[in-house]
Amino acid sequence: MSEIPVISSHILHGLPAFLRHELGERALLRANRAAGFDIELTEGRNCFIPHAAVLGFVNAAARVAGEPNLGFLIAPMMNAGNYGCFGRYILGAETLGHSIERAIAALGYHSTHDRMSLAITGDEARYSYVFALAGHAGYEMIAGAAAGVLLSVIRAYLPFDWRPLRIELNIERPRQTGLFEDLFHCPVLFNAPAVTIVIERHLLSAAPNRGSWPIVTIEDVARDRPGGAPHDLLDVVMAQVRAQVLTGSVSIDRAARPMGTSVRTLQRELNRAGTDFRSLANAARLQRATELLRHMNGSITRVAAEMGYSSPANFARAFQKATGRTPREFRSDM
């Protein structure tokens, strides 16, 4: 299997609630199925999911709702400030230019195979981003949302009524270009090499337009994700499994689908790496179970339900088999 690009699930912050309110529960359920787990249950947590899961989530919701422009409808709600420690680090910079430089430097802690750059041409500054699966089927839904994220960084430093010189999108020119210009309030060009926001160069020296943020360093971002976003197969699969464990339901089928592979191929690759999906899932469940038992004061019944077990007895048996102690014995020994 080729290396699978992944990105922080923070990028989907707020979208489940938006889909439920605007498109209905059916659209949200279909989107979650395409992503491989319930996105809403991972909000606020630094999980890493395949880029393909993001494509699947947005496109599935759009199909159910019959809304081909969903990616652009959600653009205004996209906000880098919701991206956990990474977002706070970016928006804590003293100038817009420094904020963009931070985003470029820290991108490896947020995703893999994405690219971001800042280029100066005469009096213009070009802030660009390339999504790892740009050009793949369904990417049209992502391009507008990506522009919304870049705009959220810039608008954190500029007046409310500011508008870009223009926006460039790396998608084919649509039939109704006016919809895009109405949304972004500026000229929009298509068939570009990247999603790019073009602004006046002098604006890079702008200071934040809101109160100060808590100080966040690049070391803080690194501690939030040691080693950066996962690259190799085992790390990517474990990231998928951990995200599923948080939602209480683990399935190799739902892990393989957003990774763009079959269950058989994924299991074969895991076997080559000396493991299997069941072992990875059990390890992730055990780690999460011990965390819950250690830090939750609630009943073991609640812990069992949180872990997705059908009954406390089933959870207790699985836990004792893995650790040699029952959940009660584990708690009493702490």
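Remember, it's a predicted structure, so these values are computed and weren't measured experimentally.
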Would you say [X] and [Y] are hydrophobically clustered, going by side-chain heavy atoms of ILVMFWY under 4.5 Å?
X: L91; Y: L204; value: yes
X: V198; Y: L203; value: no
X: Y309; Y: F319; value: yes
X: I199; Y: L183; value: yes
X: W162; Y: V153; value: yes

Do [X] and [Y] make a side-chain contact, defined as non-hydrogen atoms from C-beta onward lying under 4.5 Å apart?
X: I167; Y: L189; result: no
X: T112; Y: V236; result: no
X: R257; Y: R33; result: yes
X: L266; Y: L233; result: yes
X: V188; Y: R166; result: no
X: F48; Y: P50; result: no
X: L133; Y: H113; result: no
X: I154; Y: L96; result: yes

Under 6.0 Å from the [atom1] atom of [X], do we count more than 12 heavy atoms belonging to anything else shown?
X: R278; atom1: CZ; result: no
X: H202; atom1: NE2; result: yes
X: E94; atom1: CD; result: no
X: R268; atom1: CZ; result: yes
X: Q176; atom1: CD; result: no
X: D123; atom1: CG; result: no

Do S279 and N282 meet the criterion of a side-chain donor-acceptor pair at a distance under 3.5 Å? no
Does a donor on one side chain sit under 3.5 Å from an acceptor on the other, for Y129 and D114? yes
Does the [X] side chain pair with the main chain of [Y], one donor and one acceptor, at a distance under 3.5 Å?
X: H51; Y: V6; answer: yes
X: E3; Y: D232; answer: no
X: N82; Y: H13; answer: no
X: D182; Y: L179; answer: no
X: D235; Y: H231; answer: no
X: T247; Y: F37; answer: no
X: T265; Y: S262; answer: no

Mind listing the closest non-hydrogen atom pair of A206 and L158 along with its distance? CB-CD2, 3.6 Å
A cation-pi test, strictly: NZ or CZ of R102 under 6.0 Å from the centre of the six-membered ring of Y89 and no more than 45 degrees from its axis. Yes or no? yes
Which of parallel (below 30°), tilted (30 to 60°) and perpendicular (above 60°) describes Y83 and H110? parallel
Mutual orientation of the aromatic rings belonging to F131 and Y139 [parallel < 30°, tilted 30-60°, perpendicular > 60°]: parallel
If you round to the nearest 0.5 Å, how far is [atom2] of [Y] from [atom1] of [X]?
X: S111; Y: I49; atom1: OG; atom2: CD1; answer: 11.5 Å
X: S249; Y: L246; atom1: OG; atom2: CG; answer: 12.5 Å
X: K321; Y: L286; atom1: NZ; atom2: CG; answer: 12.5 Å
X: R325; Y: L293; atom1: CZ; atom2: CG; answer: 10.0 Å
X: L70; Y: R63; atom1: CG; atom2: CZ; answer: 11.5 Å
X: I252; Y: M259; atom1: CD1; atom2: CE; answer: 9.5 Å

N-O pairing of R288 and E291 below 4.0 Å: yes
If you measure from the Lys or Arg side-chain nitrogens to the Asp or Glu carboxylate oxygens, is any gap between E124 and R201 under 4.0 Å? no
Taking the six-membered ring for Trp, are the ring centroids of F190 and F180 within less than 6.0 Å of each other? yes
